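Predicted model, so just to flag it, every value in this text is computed and none were measured.
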Number of protein chains: 2
Amino acid sequence: MATDPLSLTFAALADPTRRAILARLTEGPATVKELSAPFDMSGPAVSKHLRVLERAGLITRGRDAQWRPCELDATPLRQVSEWADGFRQFWDASYRRLDDYLAQLQANQPPDTDHPA
Amino acid sequence: MATDPLSLTFAALADPTRRAILARLTEGPATVKELSAPFDMSGPAVSKHLRVLERAGLITRGRDAQWRPCELDATPLRQVSEWADGFRQFWDASYRRLDDYLAQLQANQPPDTDHPA
DNA sequence: TAGTTAAATAACCAAGTGGTTAGGCATGAT
DNA sequence: ATCATGCCTAACCACTTGGTTATTTAACTA
C-alpha cells in the first residue's frame, strides 16, 4: 500500500467501521471497549481498525490504568477537504452547464410561459 | 472490501497513481495510453487503476475506434468534501484552543514584552 | 495470592491489491 | 490478407486487509 500521508488517510477512511469510530470520537475520548460496543465484531478486530486510524494520524492513544483511551485528531482531514475542494468546479460542472443552457435558452428563445414544461 | 459508495470512493483515492490520473483528467478526456505515459508501469497495471476509478464512479469510459477515452466524473468527490467538512470544527479545534489560551493569557497576565519566549 | 478486566499480540484464513508477463480481440492502415 | 496499434483478459506473484480464536500482558480488586 502507498505510505504517503494523504494515501494513508484515504485508506483509513475507506471503511464504514472506521468512519463510525471517528464519528463517535467527535463526542469525546473513548476506551477501546466503548468503541467496540456498537459493532458485532471481536475486540482484536477493533484494535486493528484503531491501529490503522493511528497510523493515519487520525487518533491518538493515551493510557489510564488498564484503559487505553482514544482521542480524535482531525488535522489530516484538513488535507482531505482541501484536496477534494480542488475538484469543486468539476462536480459543479454539470450544474453550471445546465445553468448555462437555461440562460442561453432564456436569452435566445424565451420559453412560452403559457405552455410550461 | 466495503462496497458502499463512500468507501469505494475513499479506497479509489488511496493511491497516488489514481489521484494523478484524476488530476490529469481535469484537463480533459484522455486515452489509456496517454494516461499511462507519466508512469513507469505496464499497460495492464494502469487498466486496473482505471477499473477501480470506474467502479467508484470517478471516471466514465467511451469508445472511439480502438481507443477507450476516459473522462472525469467528479460528482462522488462532492460527498467526500461534505463528509470531511463535517469535521472542520475539530481540525480547527487546536487553533481555537490556542487562540483561547492566548486570549486568556492576554487578559490575566499580559506577557512581558521585554522577555519574549 | 488469586481472580477479573482491558487490551494487545500471535497465528491463521479468505479475499483483495498492485504489480508482472503472455496472449487475445477489435480496429485501422498497407 | 497481413500487420500494427490500443486495450483487455488471464494467470500468476508477493503483500495487505479484515476478520477469527487463543494466548499474553498489564492493571486493578478481593
Reading DNA chain D 5' to 3', which nucleotide is the first, and which the last, to come under 4.0 Å of any heavy atom in chain A?
D/dT17 to D/dC28
Atom-pair distance (CG on B/Asp15; P on C/dT17), nearest Å:
11 Å
May I ask you to list the residues of residues 24-37 of chain B, by number, that have any heavy atom positioned under 4.0 Å from an atom of DNA chain D?
B/Thr31, B/Val32, B/Lys33
For A/Ser42 and for A/Trp67, find the nucleotide of DNA chain D with the closest heavy atom, then tell me which residue's nucleotide is more 5'.
A/Ser42
Touch class at under 4.0 angstrom, heavy-atom based, for B/Ala45 against every strand present:
base
For A/Pro76 versus A/Ala56, what's the shortest heavy-atom pair and its separation?
CG-O, 3.6 Å
Evaluate whether atom CZ of B/Arg61 has more than 12 neighbouring non-hydrogen atoms of other residues, nucleotides or ligands under 6.0 angstrom away.
yes
Without decimals, in angstroms, what is the distance between A/Arg63 CZ and C/dA7 P?
10 Å
Give the rounded distance in Å between these two atoms: CE of B/Met41 and C1' of C/dG18.
8 Å
Member of A/Val52, A/Leu22, A/Ile21, A/Leu35 meeting the side-chain contact (heavy atoms from CB on, under 4.5 Å) criterion with A/Ile59
A/Leu22
Rounding to 0.5 Å, atoms CD (B/Glu34) and CG (B/Leu25) come to a distance of 10.0 Å
Atom NE2 of B/His49 to atom P of C/dT20: distance rounded to whole Å?
9 Å
Whole-Å distance, B/Leu13 CG to C/dG18 P, equals 12 Å
When you compare the side chain of A/Ser7 with that of B/Asp15, does any pair of heavy atoms fall below 4.5 Å?
no
Does anything in residues 52-59 of chain A come within less than 4.0 Å of DNA chain D? Heavy atoms only, and list the residues if so.
none
